[in-house]
Amino acid sequence: MQFETLPGFREFYPEACARRNHVFGRWRQVARAFNFLEYDAPVLEPLELYIEKSGEEIVSQLFNFEDRGGRAVALRPEMTPSLARLIGAKANSLKRPVKWFNIGEHYRYERPQKGRLRAFYQFNVDIFGEQGPTADAELIALLCQALQAFGLSAGDFKVRLSDRDLWLLMLAAEGLDEAGSATVLGIIDKLERTDRAKTIEKLAPVLGEQAEAFLGRIEEAIAIRDFDRLRAYIENLPLEGDLAAQAKARMEDWAQLLRNLKAAGAGDFIQIDLGIVRGLAYYTGFVFEAFEASGAGRALAGGGRYDALVKKLGGPDMPAVGFAMGDVTLVDLLESKSLMPEYMQRPEFIAIIGGEDERDAALADAAQLRALGYQVEYPLKNQGFGKQFKAANQSGARFALIYGSEELERGVVKVRDLTAGTEAEIARDQLLQQVPALLESGLES
RNA sequence: GUGGCUAUAGCUCAGUUGGUUAGAGCAUCGGCUUGUGAUGCCGAGGGUCGCGGGUUCGAAUCCCGUUAGCCACCCCA
């Protein structure tokens with residue numbers, strides 16, 4: 001072939017498209033069950049929108065170009081900045097909480113590999129205007145239910161839950177200022193993928209000789225998996241005054257979040273894991289990532305609090321929490337668990353046509369059935385009955401409608417239940433009335 | 001951006017130490033006298049052997065480059 005798809009872009013043949021729509025359908029169904037409203041935004045946006053949020057470095061990972069009007073533009077690499085703009089523009093008139101979701105294609109100019117393409121679909125779910133942990137709970141519960149909707153269970157995935165506020169308190173207890181904390185959080189984010197000596201080396205500029213002892217205390221915190229130990233750990237931090245009060249209040253938030261999640265049936269999926277901090281600096285509170293239970297593979301979804309972002313992008317002060325789930329990693333996992341159904345689009349009826357007069361009859365009946373929404377197929381060219389029956393069986397249709405000269409003379413059509421192998425004659429003027437019962441219970445022999 | 005592996009028909013793959021016109025299965029299309037289901041029978045189409053260059057009398061095969069795919073790193077909104 002002369003032309004191939006661009007690297008990292010996919011074509012969706014009908015089977016693949018059906019599988020994609022299966023994923024979209026489950027996402028949409030769960031979002032609606034939680035009463036989130038669907039919105040959409042442009043695929044092409046001003047480049048500046050992304051630079052404002054993520055910094056100049058982001059440009060190297062974008063599909064960006066100059067349009068004919070001389071505007072610097074980019075294909076959207078994520079939904080959040082567009083969403084923050086939508087929200088910001090109408091913030092004062094939106095009934096809170098604002099619960100919105102989107103399913104859309106996104107584009108990143110990166111090297112394609114396992115679980116990562118250049119064009120991919122993301123399920124974005126966000127809540128604006130509620131700062132308490134009940135919003136985080138609602139969102140994480142939705143995430144868990146979305147994954148369960150594909151047949152995944154507690155043995156298949158975990159949501160690792162962490163908290164950047166807590167980290168800032170822990171780092172304050174270590175005597176770190178804001179800048180030092182930001183640096184250290186960046187290092188913690190990569191802890192799992194970096195060897196220990198290298199990490200100590202990276203910590204040294206901030207902590208000097210303390211680096212190794214500090215790392216020891218960090219590792220202790222990251223190993224915590226249950227709430228009581230976390231609470232004990234936080235209570236024992238050398239914090240005073242205002243910071244001590246903040247720590248106490250934060251543990252109340254944790255208690256509420258975990259209680260809500262448990263009540264919502266998501267308790268089995270939650271794993272306290274302070275090792276998650278997420279690379280992005282704009283996250284402000286609870287952060288979380290969903291992973292395959294074995295820990296293998298890329299994150300299935302990730303999200304958290306970003307209370308300051310709407311304001312940073314020009315809107316009013318608006319607390320926010322959200323997550324995004326990509327289709328690529330999800331489908332990889334579903335396939336490995338044999339949870340991707342094989343879809344075959346098939347008609348309900350297929351006509352078998354004896355000749356030109358019979359074709360007139362078949363087309364007339366098909367038109368009526370189709371107008372009622374039934375799925376009807378018929379052969380576009382005249383073929384022998386044998387061939388047509390074979391094709392009818394291969395089509396996967398539920399019923400064959402047989403239009404022969406002999407039937408036509410008597411004003412009937414022969415209906416064959418292709419699953420059961422049974423046949424009956426139905427008067428053509430009775431066909432529409434009989435169809436619901438046919439589809440309901442098939443043809444008794 | 002860096003590195004490793006791979007590339008033959010729509011798909012899955014054969015193709016010997018370099019040797020004539022590159023094969024198979026599946027899929028597709030047509031036929032087997034216009035009336036009934038899998039595995040039927042006969043036949044057909046489909047390949048610049050990823051692309052470009054080199055070595056050679058001769059390259060799918062050896063060498064170099066390049067592109068794409070997969071994988072790992074980087075990054076991961």
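All chains are named by letter (A, B, ...) in the order of the sequence lines, taking the proteins before the strands, and each is independently numbered beginning at 1.
Side-chain N/O atoms of A:Gln383 and base N/O atoms of B:G30 include no donor-acceptor pair closer than 3.5 Å. A:Arg416 contributes a side-chain N or O that forms a donor-acceptor pair with the base of B:G37 under 3.5 Å. Taking only distance into account, the side chain of A:Arg298 meets the base of B:C76 through a donor-acceptor pair shorter than 3.5 Å.
Put simply, A:Phe389 rests on the base of B:U36: the two rings are less than 5.5 Å apart at their centres and nearly parallel, under 30°.
Comparing B:G1, B:U36, B:C74 by their nearest atom to the side chain of A:Arg111 picks out B:G1. Checking B:A68, B:U36, B:C76 against every side-chain atom of A:Lys190, the shortest atom distance belongs to B:C76. Minimum atom distance to the side chain of A:Lys390 is reached by B:A38, of the listed B:G31, B:C75, B:A38.
For the pair A:Arg20 and A:Phe12, the cation-pi criterion (under 6.0 Å, within 45° of the ring axis) is fulfilled. Under a cutoff of 6.0 Å and an axis angle of 45°, A:Arg118 and A:Tyr107 do not form a cation-pi pair.
When heavy atoms are screened at a 4.0 angstrom cut-off, A:Arg116 is found touching base atoms of the nucleic acid. Nucleic acid contact for A:Pro77: base, since at least one base atom lies under 4.0 Å from a heavy atom of the residue.
Taking the six-membered ring wherever Trp is involved, the centroid distance between the rings of A:Phe123 and A:Phe150 does not fall below 6.0 Å.
If you check the side chains of A:Glu138 and A:Asn260, you find no donor sitting under 3.5 Å from an acceptor.
With a cut-off of 3.5 Å on both pairing distances, B:U33 has no Watson-Crick or G-U wobble partner at all. Pairing partner, B:G1: B:C73, with both Watson-Crick or wobble hydrogen-bond distances short of 3.5 Å. B:C62 is paired with B:G54 under the criterion used here, namely a Watson-Crick or G-U wobble arrangement in which both key atom distances are under 3.5 Å. For B:A24, the paired nucleotide is B:U12, the pair qualifying as Watson-Crick or G-U wobble because both relevant distances are below 3.5 Å.
Rounded to whole Å, atom P of B:C76 lies 14 Å from atom CD of A:Gln122.
Between B:C29 and B:U67, the distance separating the two C1' atoms is 33 Å to the nearest Å.
At the phosphate of B:U34, neither OP1 nor OP2 sits under 4.0 Å from any side-chain N or O atom of A:Lys381. For A:Lys387, no side-chain nitrogen or oxygen approaches OP1 or OP2 of B:U36 to under 4.0 Å.
Comparing A:Glu78 and A:Gly421 against RNA chain B, the residue whose closest nucleotide sits nearer the 5' end is A:Gly421.
Using a 4.0 Å cut-off between a side-chain N of Lys or Arg and a carboxylate O of Asp or Glu, A:Glu377 and A:Arg346 do not qualify as a salt bridge.
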